[in-house]
S.K.: 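Starting off with a structure, shown below.
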Amino acid sequence: MRDALNKIKNELGGNLEKIADLKTLDDLRVSILGKKGELTNILKAMGSLSAEERPVMGQLANEVRDFAEKSFDERKKVILAAELEKTLAEERLDVTLAGKTREQGHDHPMTIVMEDMKRLFIGMGYEIHEGPDVETEYNNFEALNIPKNHPARDEQDTFYIEGGYVLRTQTSPVQVRVMKEGKLPIRMIAPGKVFRSDEIDATHSPVFHQIEGLVIDKNITLGDLKGTLEIFAKELFGDDVITRFRPHHFPFTEPSGELDVSCFACKGKGCRVCKDSGYIELLGCGMVHPKVLRNCGIDPDEYTGFAFGMGLERIAMQKFNITDMRLLFENDVKFLKQF
Ligand code: DAH
């Protein structure tokens with residue numbers, strides 16, 4: 001019995017040291033001190049000892065039990081402390097770490113230009129109208145005096161949809177829609193996307209944006225058109241921009257013209273951007289063709305008007321000094337951050 005008691009005592013220290021969790025510790029405790037534990041069994045066997053042996057063994061057994069209980073308590077404290085330490089380490093907050101910042105974006109250069117233009121025309125008393133991207137072939141072409149087989153259709157070859165629809169090639173059909181509403185006079189702009197089957201390069205894209213303008217009233221003249229566009233060009237590009245009107249042809253205006261502005265890159269001296277001409281073509285314009293007025297239910301003997309249409313990408317490029325249109329569509333943040 002003495003050997004058994006000493007064995008329990010001697011082995012306990014080494015066994016406890018290896019235990020790192022409370023569950024294993026408790027299992028070991030039960031196996032020694034529990035109701036059916038090793039030590040409990042020994043204590044139960046005390047009765048069979050002789051009267052001389054019993055107090056001696058009893059004292060030893062008590063010592064071993066006290067020792068065991070104390071050892072288990074101490075080990076438990078050590079394990080609990082280690083667990084606390086571990087939790088603290090795992091949940092540690094480094095308050096000096098940089099926080100997650102959310103970068104603030106800003107408007108895309110195309111949006112900036114679009115909003116600038118809207119503000120400018122609203123200031124001159126224009127209303128804003130919109131038309132659908134999928135337009136009737138009639139509104140996109142016929143109503144604008146571009147019959148089937150007209151060569152102008154080649155230039156604006158587009159994406160046709162069954163049933164007489166096209167992805168609009170220009171914002172000009174919005175003119176037709178607004179005139180047909182029948183409310184006169186008209187002073188409106190119509191911004192939006194247009195589509196053509198163009199190859200992508202530095203100055204072309206199959207999807208781009210236009211702004212259309214239309215003014216219909218009594219006694220509107222070419223002088224009104226020129227004056228309006230000159231003010232517009234100066235507001236947009238600054239007072240020192242030089243404008244130039246050139247005659248041109250569009251089926252839906254008569255007479256028709258194009259407005260050029262002095263080149264942003266060389267200020268009119270001539271360079272690669274303006275192909276040495278000193279000017280960049282900005283928009284098409286003209287006096288609304290009497291046939292178009294009639295197609296839309298307006299009497300050309302009573303009302304006249306002017307119209308203009310321009311590509312917005314080109315204006316953004318001119319305004320922000322961008323030499324490749326593709327940059328406007330690629331959405332490279334490094335590029336966009338500059339505006
Ligand atoms: N729609 C023409 C184009 O896409 C631009 C244009 C020219 C619009 C003359 C007009 C205009 O309103 O009068 O090329």
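We use all heavy atoms of the structure for the numbers below, so side chains are in, but hydrogens, waters and symmetry mates are not. For ligands, and for the atoms within them, numbers begin at 1 and follow the listed sequence. Numbering starts at 1 and runs along the sequence shown.
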S.K.: What protein heavy atom sits nearest atom 11 (C) of ligand 1, and how far off is it?
M.R.: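 Here the nearest protein heavy atom works out to F252 CE1, 3.4 Å.
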S.K.: Near Q175, which atoms of ligand 1 are under 4.0 Å from a heavy atom of that residue?
M.R.: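 Counting from 1, the qualifying ligand atoms are 12 (O).
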S.K.: Can you list the atoms of ligand 1 that are under 4.0 Å from a heavy atom of T253?
M.R.: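 Per the distance check, 13 (O).
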S.K.: Go through Q170 and F250 one step at a time and tell me if the side chain to side chain contact (heavy atoms under 4.5 Å, CB included) criterion holds.
M.R.: CA-CA 12 Å; Q170 47 187 356; F250 295 102; over 6 Å; no
S.K.: Who's closest to atom 3 (C) of ligand 1 heavy-atom-wise, of M287, R168, R196?
M.R.: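 The residue whose heavy atom sits nearest atom 3 (C) of ligand 1 is R196.
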S.K.: Please identify which atoms of ligand 1 are closer than 4.0 Å to at least one heavy atom of Q170.
M.R.: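 Going through ligand 1 atom by atom, the ones under 4.0 Å from Q170 are 1 (N), 2 (C), 3 (C), 4 (O).
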S.K.: Which of the numbered atoms in ligand 1 are under 4.0 angstrom from any heavy atom belonging to G286?
M.R.: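 Answer, ordered by atom number: 13 (O).
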S.K.: Would you mind listing which atoms of ligand 1 come within a distance below 4.0 Å of any non-hydrogen atom of S172?
M.R.: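 So the answer, numbered in order with elements, is 1 (N), 8 (C).
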S.K.: Please determine whether the number of non-hydrogen atoms from other residues, nucleotides or ligands lying under 6.0 Å from atom NZ of K275 exceeds 12.
M.R.: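 No, NZ of K275 has 12 or fewer neighbouring heavy atoms, counting only those of other groups under 6.0 Å.
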S.K.: Under 3.5 Å between any N/O of T169 and any N/O of ligand 1: does that happen in this structure?
M.R.: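 No, T169 has no N/O under 3.5 Å of an N/O on ligand 1.
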S.K.: Answer whether the closest heavy-atom distance between the side chains of I200 and F329 falls below 4.5 Å.
M.R.: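 No, side chains not in contact.
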S.K.: Anything under 30° is parallel, anything over 60° is perpendicular, the rest tilted; go ahead and classify F339 against F335.
M.R.: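 Judged by the thresholds at 30° and 60°, the geometry between F339 and F335 is perpendicular.
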S.K.: I'd like to know whether ligand 1 has F306 as a neighbour, heavy-atom separation below 4.0 Å.
M.R.: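 Contact check F306 vs ligand 1: negative.
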S.K.: Numbering the atoms of ligand 1 from 1, which are under 4.0 Å from a heavy atom of Q210?
M.R.: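 The atoms of ligand 1 under 4.0 Å from a heavy atom of Q210 are 3 (C), 4 (O).
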S.K.: What I want to know is whether A307 and ligand 1 share at least one N or O pair that is separated by under 3.5 angstrom.
M.R.: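 Yes, there is a polar N/O contact under 3.5 Å.
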S.K.: Hey, are R177 and E130 close enough for a salt bridge, meaning a charged N less than 4.0 Å from a carboxylate O?
M.R.: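 Looking at R177 and E130, the cut-off is not met.
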S.K.: Show which atoms of ligand 1 fall inside a sub-4.0 Å distance from at least one heavy-atom site of F250.
M.R.: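 Going through ligand 1 atom by atom, the ones under 4.0 Å from F250 are 7 (C), 9 (C).
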S.K.: Measure the distance from atom 12 (O) of ligand 1 to every protein heavy atom, then report the residue, atom name and distance (to 0.1 Å) of the closest one.
M.R.: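 Closest protein heavy atom to atom 12 (O) of ligand 1: E212 OE2, 2.6 Å.
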S.K.: Give the contacting part of F308 toward ligand 1: side chain, backbone, both or neither, where contact means a heavy-atom distance below 4.0 Å.
M.R.: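 The part of F308 near ligand 1 is the backbone, not the side chain.
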S.K.: Would you say E199 has more than 12 foreign heavy atoms packed within less than 6.0 Å of its CD?
M.R.: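 For E199, atom CD is not crowded (no more than 12 foreign heavy atoms under 6.0 Å).
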S.K.: Do P300 and R294 come within less than 4.5 Å of each other through their side chains, counting heavy atoms only?
M.R.: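 Yes - at least one pair of side-chain heavy atoms lies under 4.5 Å apart.
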S.K.: Please tell me if the side chains of I42 and I8 come closer than 4.5 Å, counting only heavy atoms from C-beta onward.
M.R.: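 With C-beta onward as the side chain, the pair touches.
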S.K.: Using the rule given for side chain to side chain contact (heavy atoms under 4.5 Å, CB included), can you reason through L328 versus F320, listing the C-alpha separation, both sets of side-chain angles and the distance that settles it, and then say yes or no?
M.R.: CA-CA 11 Å; L328 290 170; F320 292 123; over 6 Å; no
